2 protein chains.
Amino acid sequence: MKELLRTKGFKVTPQRELIFRSFFELGRHVTVDELYQKVREKDNSIGYSTVWRNLKLICRVGLAEEVNIGDGLTRYDRTTAAPHGHLFCRRCKKLLEFNVERIVGILAQAARENSFTLEGFKVEIQGLCEDCRRVPDRECDQGKAN
Amino acid sequence: MKELLRTKGFKVTPQRELIFRSFFELGRHVTVDELYQKVREKDNSIGYSTVWRNLKLICRVGLAEEVNIGDGLTRYDRTTAAPHGHLFCRRCKKLLEFNVERIVGILAQAARENSFTLEGFKVEIQGLCEDCRRVPDRECDQGKAN
DNA sequence: GCGACAAATGAAAACGACTTTCATTTTCAA
DNA sequence: TTGAAAATGAAAGTCGTTTTCATTTGTCGC
């Protein structure tokens with residue numbers, strides 16, 4: 001880990017170590033704020049921007065990637081061997097994962113057919129999770145147009 | 001169109017008519033600013049918030065839906081009969097579409113297996129389009145971590 | 001070990017898309 | 001026609017993200 005950083009020309013600071021460690025201690029789909037909170041528990045002198053920059057760095061060295069659902073919050077997900085899709089509950093914002101093995105081939109073909117160089121993909125299902133599907137909607141969840 | 005609005009309890013104003021008309025004159029995947037520009041060409045007294053609110057309204061009445069790629073800009077795409085996926089070129093930001101017929105079944109099953117109520121989905125391929133794939137990268141395109 | 005110097009840090013400010021507020025104007029059903 | 005409800009436009013507010021800048025800290029060559 002330290003080596004990975006140093007070989008790529010990044011320095012290893014105590015803050016950086018703590019941030020990296022904390023990131024991997026947390027579960028999947030971490031937001032900047034979640035990580036910031038976690039890091040703060042151990043060292044409350046670390047600044048938000050340092051956490052943010054290091055989260056970006058974690059992505060830069062390939063250990064995580066940004067996940068962007070449409071809710072205005074960027075999440076960071078450590079890269080796994082297996083690609084996966086997301087099930088996003090619009091009520092509780094929970095994020096589940098599902099297997100996309102059967103889909104990747106189709107995507108690769110779609111890219112080919114469009115003369116497109118496939119670099120990545122995103123497959124997302126929006127809806128209600130098991131817990132939330134029971135509770136009826138209180139109000140419209142589309143934009144409110146004021 | 002006017003009827004659709006009035007039956008749903010919305011009023012028909014000149015601004016609203018112009019905005020709706022302009023939206024459908026534009027191509028697919030329209031941003032607020034693009035629509036705002038377009039509308040301004042015809043009536044430069046219309047405010048940004050009016051355009052924005054009406055774009056939301058267009059979604060609300062089911063004539064369009066928001067498309068959210070990870071680039072921080074919401075696009076509005078008029079609803080089509082056929083669901084489709086997006087090919088997003090990270091270089092020129094172009095947005096192409098592809099058929100997802102073969103994928104929807106898989107998604108429905110994934111939802112079922114996770115006790116998830118499927119309300120919508122998003123399938124996106126990121127990469128380089130035909131035009132951009134030829135040009136080599138100038139620089140890293142991941143976060144810059146300052 | 002000792003500098004030098006590039007990189008990292010933290011606080012604060014800047015950014016930018018989106019959303020709301022509020023005073024005023026307009027629509028439209030009765 | 002008229003009054004209640006909705007729409008408008010300008011301006012300000014929100015909020016996550018990103019940058020700035022002065023200062024501190026690793027790292028590499030000696």
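Note that the coordinates shown come from a computational prediction; the quantities given were computed from them, not determined experimentally. Within every chain, numbering begins at 1; the chains are lettered A, B, ... in the order of the sequence lines, protein sequences first and strands thereafter.
One finds the CG atom of Leu4(A) at 5.5 Å from the CG atom of Leu63(A) (value rounded to the nearest 0.5 Å).
A salt bridge is absent between Arg78(A) and Glu65(A): the closest approach of a Lys/Arg side-chain nitrogen to an acidic carboxylate oxygen does not fall below 4.0 angstrom. Salt-bridge check for Glu25(B) with Lys42(B): passed, with a basic side-chain N closer than 4.0 Å to an acidic carboxylate O. In summary, Glu66(A) and Arg75(A) do not engage in a salt bridge, as defined by a charged side-chain N under 4.0 Å from a carboxylate O. Using a 4.0 Å cut-off between charged nitrogen and carboxylate oxygen, Lys94(A) and Asp131(A) count as a salt-bridge pair.
Taking only side-chain nitrogens and oxygens, Arg53(A) never comes nearer than 4.0 Å to OP1 or OP2 of dA8(C). Contact annotation: Gln15(B) side-chain N/O to dA7(D) OP1/OP2 distance is not under 4.0 Å. Not one side-chain nitrogen or oxygen of Lys56(A) sits closer than 4.0 Å to the OP1 or OP2 atom of dT17(D). An OP1 or OP2 oxygen of dA7(C) is reached within less than 4.0 angstrom by no side-chain nitrogen or oxygen of Thr13(A). Contact annotation: Arg16(B) side-chain N/O to dA6(D) OP1/OP2 distance is not under 4.0 Å.
Heavy atoms of Phe10(B) sit under 4.0 angstrom from primed sugar atoms or phosphate atoms, though from no base atom. Residue contacts for Ser49(B): at a heavy-atom cut-off of 4.0 Å it reaches a base atom on one of the strands shown. Residue Thr31(A) is out of contact with every strand shown, counting any heavy-atom pair closer than 4.0 Å.
Distance CG (Leu18(A)) to C1' (dT25(D)): 17 Å, rounded to an integer number of Å. Nucleotide dC15(C) holds its C1' atom 12 Å from the CH2 atom of Trp52(A), rounded to whole Å. When rounded to the nearest whole Å, the span between CG of Asp33(A) and P of dT17(D) equals 7 Å. Atom OH of Tyr48(A) is separated from atom P of dC15(D) by 13 Å (rounded to the nearest Å). The interatomic distance linking Arg75(A) (CZ) with dG16(D) (C1') rounds to 12 Å, in whole Å. The CG-C1' distance, from Leu57(B) to dT8(D), rounds to 13 Å in whole Å. Per the geometry, OH belonging to Tyr36(A) stands 14 Å off P belonging to dT9(C), to the nearest Å. Regarding Glu66(A), its CD atom lies at a distance of 12 Å from the C1' atom of dG16(D), rounded to whole Å.
Taking for each of Asp43(B) and Pro14(A) the nucleotide of DNA chain D with the nearest heavy atom, the 5'-most of the two is the partner of Asp43(B). Residue whose closest nucleotide on DNA chain D sits further toward the 5' end, between Val32(A) and Arg6(A): Val32(A). Nearest-nucleotide positions on DNA chain C place Val51(A) closer to the 5' end than the other of Thr74(B) and Val51(A).
Nearest to the side-chain atoms of Ser45(A) among the listed nucleotides dT27(D), dC28(C), dG10(C) stands dG10(C). Nearest to the side-chain atoms of Thr50(A) among the listed nucleotides dA8(C), dG10(C), dC18(C) stands dG10(C). The Arg40(A) side chain lies nearest to dA11(C) when the options are dT17(D), dC28(C), dA11(C). The nucleotide whose nearest atom lies closest to any side-chain atom of Lys11(B) is, among dG10(C), dT8(D), dC28(C), dC28(C). Taking the side chain of Leu73(B) as heavy atoms from C-beta on, and the options dT27(D), dT8(D), dA17(C), the nearest nucleotide is dA17(C).
Of the possible donor and acceptor atoms, none in the side chain of Thr50(A) sits under 3.5 Å from a partner among the backbone N and O of Ile46(A).
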